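What follows is a short report on a single structure.
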Amino acid sequence: MANEFTWSDSYSVGIPEIDEQHKALFDLIERLHKAIAARQGSAACIEILKELVDYTRIHFTLEQSLMHLGGYPGYDDHCLLHKNLVAEVETLQEKIDSGTVAISFELLHFLRNWLTQHILVEDMKYAAFFQKSGHKQFDHWARKSEQALRSHKKKWWKFW
């Protein structure tokens, strides 16, 4: 059976750093899937979910910064989608922490479907805008980011 939580090139937005972060989000969802399937317990699943939420916030910050710097006309609407997802997941986290909702395959499928649809529909809009506009500064930014990563040897640097 093929893994439905695996990255595919069809999700590429053409900005290497964003694509790498999207891959990391898929990896976190896959880790959550494996933890649920292996019945590792709610504590392990909650920890992975928290890591996913934290990483998503970092990703959204970077993505919004790039859209803002690049003058993307759909910036406000895209930010609202991000804000709504974060609010939804925070509410869900509160319910999980209080024990009123369990981490389940339904949650997993919600996260995966949201991520894939968000990338394939909303993120592709800014990708098309940047490609059409010829925004080459993102290539330069990605090279600088990678150089800084190599020179500083700090994993977190890659995401800023």
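Basis for what follows: all heavy atoms, side chains included, without hydrogens, waters or symmetry-related copies. Here the structure is a predicted model, which is why all the values come from computation and not from measurement. For reference, positions follow the sequence shown, starting with 1.
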In terms of heavy-atom contacts, Phe129 and Gly70 come closest through CE2-O, 3.5 Å
Phe130 and Leu66 have their tightest heavy-atom pair at CZ-O, 3.7 Å
Side-chain heavy-atom pair [X], [Y] within 4.5 angstrom cut-off:
X	Y	answer
Tyr72	Lys125	yes
Tyr75	Leu80	no
Glu30	Thr6	no
Leu32	Leu111	yes

Contacts satisfying side-chain hydrogen bond (donor to acceptor under 3.5 Å, both in side chains) that involve residues 79-89 (not counting sequence neighbours) are Glu63-His82, Gln64-His82, His78-His82, His82-His118
Stepwise, does the side-chain contact (heavy atoms from CB on, under 4.5 Å) test hold for Asp54 with Ile58? CA-CA 7 Å; Asp54 290 344; Ile58 291 168; 5.6 Å; no
**Report entry** Side chain Asp19, main chain Val13, donor-acceptor under 3.5 Å
**Finding:** yes
Gap between atom [atom2] of [Y] and atom [atom1] of [X] - 0.5 Å precision:
X	Y	atom1	atom2	value
Arg39	Cys45	CZ	SG	11.0 Å
Gln93	Leu49	CD	CG	5.0 Å
His33	Phe26	NE2	CZ	13.5 Å
Asp27	Ile48	CG	CD1	12.0 Å
Ile15	Gln21	CD1	CD	10.5 Å
Leu107	Arg112	CG	CZ	14.0 Å

- [ ] Apply side-chain contact (heavy atoms from CB on, under 4.5 Å) to the pair Leu81 and Phe60, showing each step before the final yes or no.
- [x] CA-CA 10 Å; Leu81 291 172; Phe60 284 173; over 6 Å; no
Arg31/Glu47 ion pair, N-O < 4.0 Å:
no
Applying side-chain contact (heavy atoms from CB on, under 4.5 Å) to Ile46 and not counting sequence neighbours gives Ser42, Lys50, Ile96, Asp97, Ile103
For Ser98, the side-chain contact (heavy atoms from CB on, under 4.5 Å) test, sequence neighbours excluded, returns Thr100
Point to revise | Ring center gap for Tyr11 and His22 short of 6.0 angstrom | key: no
Considering residues at least two apart in sequence or located in another chain, which fulfil the side-chain hydrogen bond (donor to acceptor under 3.5 Å, both in side chains) criterion with [X]?
X	result
Thr56	none
Lys95	none
Gln40	none

**Study point:** Stepwise side-chain contact (heavy atoms from CB on, under 4.5 Å) test for Trp7 and Ser12
**Key:** CA-CA 9 Å; Trp7 169 265; Ser12 175; 4.2 Å; yes
